[in-house]
Structure formats: structure tokens, C-alpha cells
Amino acid sequence: MNCKTYGLVGLGLIGGSLAKALKRSQPDCRILAYTRSSETLRAAASQGIIDEVCHSPGDPKFKECGYVFLCAPVGANIHALEQLKDSVSPSCILTDVGSVKTEIHEAAARIGLEGSFIGGHPMTGSEKSGILNSQAHLFENSYYVITPTSKTDESRIQEYKELVSALGALHIVMDYRQHDFITAAVSHLPHVIAAALVNTVHDLDSKEEYMKLIAAGGFKDITRIASSSPEMWEQICIENAENISQVMDTFIQLMEQSRTAMIQGTGSEIYRAFERSRDYRDSFSSSPLGSIKKTYRIYCDIVDESGAIATIATILAVNNISIKNIGIVHNREFEEGVLRIEFYEEDPSLKAAEVLKQHRYKVWIR
Ligand code: NAP
């Protein structure tokens, strides 16, 4: 990976995080950036996140870049792509971070940039937005989808993969249409459902708001994403409407089946639906699929008090065991919830289980 000059258009949560992550992984790199407002540019320059300010996506300074990342909303990214066409060098890789890929790929083809454009989607983020919420470690251990065009050179894909790895993320290469169908099912529909679920409770709650009062772990877990930016989700739903609508058909059909089974009292059918979902959900991240890394998990019973997670993290750290992910899970099996700890390798997962058992924790290996 030789590129040392990066360009950014848009410096919000993702653009700001990308600038910070690039600086962290390559401290001697240069970052040139343009964004809509001068306040954001000033804030980024004063914090040392960027080295130079560009005044538009057509700024000739972008010629110095080996990569230009488009990190604004998709409409603005397409507009920037048109302007960048004549302001970047032929060897520059133009890429974006948008959550939906079809529209920008079609735009790249229309503009004649299929050889230089490679789509990208870091599968990370948060409900928060703006440069103030950006973080250098946002991409760590998350998947980063790369969507080349039919004219992308293999060497450029390889180079992009190395860059993604340097950010601490896991690359997956796929066709942009496949990306949009997959994300419709695993990201976009869940946001629509979370919003509908929260709105259902809002509409049905009593004036004392008892539903809101007693909504517990399970409800909060599956509706956390309902707090995401309405502007961003309006755009995503419109851009990927066809795919979302297609996966929604299957979802609605399954909801109808559940309702019919409940009304008719067909217990076996209800049981089968929960059994099927439990088995499939439990198999997530436990089978290696192509370049997707297998994850090794352990579960650890903890008492519900402040510092409990920190104690476990410290025990593992002093034993030189690094973890991929850590978080509380609430489900029927563990009732009040346990700590799920994920690792990339089997050895550290087994060592962690051993060490925690020595500290008298109850541990399950899955
Ligand atoms: P964000 O925090 O709201 O930031 C958007 C940035 O784009 C801001 O810096 C904004 O400028 C800039 N911008 C808006 N309109 C512009 C224009 N016309 N020209 C130039 N810059 C413009 O949003 P974000 O969460 O970073 O999302 C950015 C992109 O990342 C979107 O395409 C989204 O689909 C994708 N994405 C988001 C997530 C997520 O969880 N948030 C995850 C993966 C991918 P100012 O600051 O100057 O106003």
C-alpha cells in the first residue's frame, strides 16, 4: 500500500472516522478534504484530522490523491463524482462509503468512471452523526464490503483490501447488486421493523405509559437502531426500495403465518418457527464463509453491578488475551443475561474460559 495522500468529501461520522483511522494507521499520510460547511472543515483542520482544505470536489489539489473517499449522503457523492472526474489523476481510486450501492455504481458507469470507481461500505456506524462523534477505531473488527465494477483491475482490488485491513476492518468483495439485496435483509429491513415496533408501542401505550415504563432488555435490544438518523434512513429506504420491498414480502408472509398459527392455536407451528429461528440465529458467526472469519465465543455469568465488565476485561488483558467483541446478551436461555465475549482464534477463547474459571466465573464455550 503506497498511497500516502488521501482525499475526502464529507467529514461526518464516517468521513471523520476514516480520516482519524487513516492518520492512526499511517501517521505520515496527508489528508485533503472538502465538505459542505466551513465550520466542519475548520474543526477538522484545528484538530489535525486533515492536512489541507479543498474548496470543492473539483479542486485541482485532489490530483495528488491516490484515493478519494466520498463520505457525504449519496446524492452529494454522485454530484462530487461528476466534479472529481476531471480533477483526479488516472491512477486514483474513487470510492464511496454509502449504505446503498446501485445508484452510485450506475452513476459511475454513466460518467465513464467504471475503471476508477470501486464502491465501499464499512458495515459499522452508530445512531450518532457528525464529525464530533467520529472515532479512529470505528472500523475495527467490522466488515467492510468492497464492490468493484466489471472494469476494476484485480491489482486495485488487492490494494483496496490492504487499505481496509490497515483500518482494522475485514474486507469482503461482492457485486453491488448482491450487496444491496443482502443489506436490505440484514440492515435495512431491521431498521424499518425496529421503527415500526417502537411506533406500535407508542400508539398502543396507556396514558400512564406503562409499556414505556416496563419495556425491558429484549425490547430495548431489538429497538436500539430505531434511534438512528431519520434523514439517513429516509434516503436509504428510497434508494433501496425495491430490495427492501422484496425482503419485506417474505417477512410479512412469516408474520401472517405466525398470526394464523396463534389464532388457530397450532402450537406445533409456533414451536417450529421459534425452533427454526433459534437454530439459525445460534449458528451465526460460527461457520466460516469465504473470507468471513470464524468467531469463537464464550459466555460468562456476571453479577449486575457497575465495574463487572471492566473486571473481566482487566483479567483478560493482564493475561494477554485480546478480545474481538464484548457485550451483554439477554435471551431465554440465559434469562437475566450473560456476558458474550468473542475472539478471532480458538486458542485465546479457550485460554480466556480457563482463566475466568480460575477466577470462579461460570463460563460456557460455544
Ligand atoms: P453524517 O455524520 O451526517 O455526515 C455527513 C457529512 O457529509 C457531513 O460532513 C456533511 O457536511 C457532509 N455533506 C452533506 N452534504 C454535503 C454536500 N452536498 N457536499 C459535501 N459534503 C456534504 O453522515 P455519516 O453517518 O457520516 O454518513 C455519510 C455516508 O456514510 C452516507 O452515505 C451513509 O450512507 C454512509 N454510512 C453511514 C453509516 C452510519 O452508521 N452512520 C454506516 C455506513 C455508511 P457538514 O459537516 O459540512 O455539514
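As a basis for the values below, the full set of heavy atoms in this structure was taken, side chains included, without hydrogen atoms, waters or symmetry mates.
- N77 pairs by the side chain to side chain donor-acceptor pair (under 3.5 Å) definition with nothing, not counting sequence neighbours.
- Cluster annotation: L94 is not connected to L32 through the hydrophobic network of ILVMFWY side chains, with a link wherever side-chain heavy atoms come within less than 4.5 Å.
- Separation of atoms OH (Y296) and CD1 (I365) is listed at 13.0 Å; rounding is to 0.5 Å.
- H79 places no side-chain N or O within 3.5 Å of a backbone atom of G75 that could act as its donor or acceptor partner.
- By the rule that hydrophobic residues join a cluster once side-chain heavy atoms approach within less than 4.5 Å of another member, Y176 and V247 end up as members of separate clusters.
- In this structure, D96 contributes its side chain and G119 its backbone to no donor-acceptor pair below 3.5 Å.
- Defined by atom type and a distance below 3.5 Å, a donor-acceptor pair is missing between the side-chain atoms of T311 and T314.
- Electrostatic pairing of D282 and R297 does not count as a salt bridge here, judged by no charged N lying under 4.0 Å from a carboxylate O.
- You'll find the side chain of V9 reaches within 4.5 Å of the side chain of F62, heavy atoms only.
- Inter-residue side-chain proximity for C71 and L18 is flagged as met; some heavy-atom pair is nearer than 4.5 Å.
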### Query
Can C92 and V68 be said to form a side-chain contact (heavy atoms from CB on, under 4.5 Å), step by step?
CA-CA 7 Å; C92 177; V68 176; 3.9 Å; yes
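- Although no hydrogens or angles enter the test, the distance criterion places a donor-acceptor pair under 3.5 Å between the side chain of T95 and the main chain of I118.
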### Task
Could you walk me through whether E269 and R272 pass side-chain contact (heavy atoms from CB on, under 4.5 Å), step by step?
CA-CA 5 Å; E269 207 168 306; R272 259 201 310 281; 4.2 Å; yes
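- Minimum interatomic distance between G58 and S87 (heavy atoms only, all atoms of both residues): O-CB, 3.5 Å.
- In the hydrophobic clustering, where aliphatic and aromatic side chains (Ile, Leu, Val, Met, Phe, Trp, Tyr) are joined below 4.5 Å either directly or transitively, V100 groups with M232, W233, I236.
- Among N243, V186, T102, D175, the one residue that satisfies the side-chain contact (heavy atoms from CB on, under 4.5 Å) test with F181 is N243.
- Atoms NZ and OG, on K23 and S25 in that order, are 10.5 Å from each other to the nearest 0.5 Å.
- With salt bridges taken as basic N to acidic carboxylate O contacts below 4.0 Å, none links K351 and E354.
- Annotation: the span from T35 atom OG1 to I131 atom CD1 amounts to 8.0 Å, rounded to 0.5 Å.
- Ring planes of Y6 and Y67: tilted class, angle from 30 to 60°.
- Counting heavy atoms from C-beta outward, L170 and N141 have side chains that stay 4.5 Å or more apart.
- By the 30° and 60° cut-offs, the orientation of the rings of F139 relative to Y144 is tilted.
- Side-chain heavy atoms closer than 4.5 Å link hydrophobic residues (I, L, V, M, F, W, Y) into clusters, and following such links, even through other members, never connects I238 to L189.
- Considering only heavy atoms from C-beta on, E162 stays 4.5 Å or farther from S165 through its side chain.
- For E242, the CD atom counts as loosely surrounded, since its 6.0 Å shell holds 12 or fewer non-hydrogen atoms of other residues, nucleotides or ligands.
- In terms of modelled atom types and a separation under 3.5 Å, the side chain of T183 and the main chain of H188 share no donor-acceptor contact.
- Rounding to the nearest 0.5 Å gives a distance of 11.0 Å between CD1 of I78 and NE2 of H105.
- Residues forming a salt bridge (charged side-chain N to carboxylate O under 4.0 Å, His left out) with K151 (at least two apart in sequence, or on another chain): E114.
- Taking both residues in full, the closest heavy atoms of C65 and S89 are given as O-OG, 4.3 Å, listed atom of the first, atom of the second, then distance.
- Remark: the backbone N or O of I321 is not paired with any side-chain donor or acceptor of N319 at under 3.5 angstrom.
- Counting heavy atoms from C-beta on, the side chains of I315 and Y361 come closer than 4.5 Å.
- Of the inter-residue distances, the one linking L113 atom CG with T149 atom OG1 reads 10.0 Å to the nearest 0.5 angstrom.
- Minimum interatomic distance between L316 and A352 (heavy atoms only, all atoms of both residues): CD2-CB, 3.6 Å.
- Between L163 and I93 there is no side-chain heavy-atom pair separated by less than 4.5 Å.
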### Query
V88 and S116: side-chain contact (heavy atoms from CB on, under 4.5 Å), yes or no, with the steps?
CA-CA 10 Å; V88 291; S116 327; over 6 Å; no
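- For R156 (side chain) and G115 (main-chain N/O), a donor-acceptor pair under 3.5 Å exists by modelled atom type.
- In the hydrophobic clustering of ILVMFWY residues, with side-chain heavy atoms under 4.5 Å counting as a link, I193 and L254 come out apart.
- A donor-acceptor distance shorter than 3.5 angstrom exists from the side chain of D180 to the backbone of K101, with no hydrogens or angles considered.
- The distance from the CD1 atom of I31 to the CD atom of Q26 is 8.5 Å, given to the nearest 0.5 Å.
- In the hydrophobic clustering of this structure, V355 groups with L350; members are Ile, Leu, Val, Met, Phe, Trp, Tyr whose side-chain heavy atoms approach within less than 4.5 Å, directly or through other members.
- Each salt bridge (charged side-chain N to carboxylate O under 4.0 Å, His left out) pair with one or both residues in residues 55-80, not counting sequence neighbours, appears once here: R30-E64, E52-K61.
- I341 and C300 get closest at one heavy-atom pair: CD1-CB, 4.5 Å.
- The two residues R340 and Y299 make their nearest non-hydrogen contact at CD-OH, 3.6 Å.
- Cluster partners of F219, using a side-chain heavy-atom cutoff of under 4.5 Å among ILVMFWY residues and allowing indirect links, are L197, V198, V201, L204, M211, I222.
- Within the 4.5 Å cutoff, side-chain heavy atoms of L84 are placed close to those of L70.
- Looking at heavy atoms from C-beta onward, F117 lies in side-chain contact with I104 at the 4.5 angstrom threshold.
- Contacts of V145 classified as side chain to side chain contact (heavy atoms under 4.5 Å, CB included), with partners at least two apart in sequence or in another chain: H121, M123, T147, M174, H179.
- Across T124, L8, I14, a single residue satisfies side-chain contact (heavy atoms from CB on, under 4.5 Å) together with V97, and that is I14.
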### Task
Apply side-chain contact (heavy atoms from CB on, under 4.5 Å) to the pair H137 and R24, showing each step before the final yes or no.
CA-CA 9 Å; H137 62 261; R24 193 173 67 164; 4.0 Å; yes
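- In plain terms, the two heavy atoms of S349 and I298 that are nearest each other are O-CG2, 3.7 Å.
- Between the S17 side chain and the Q135 main chain, a donor and an acceptor come within less than 3.5 Å of each other.
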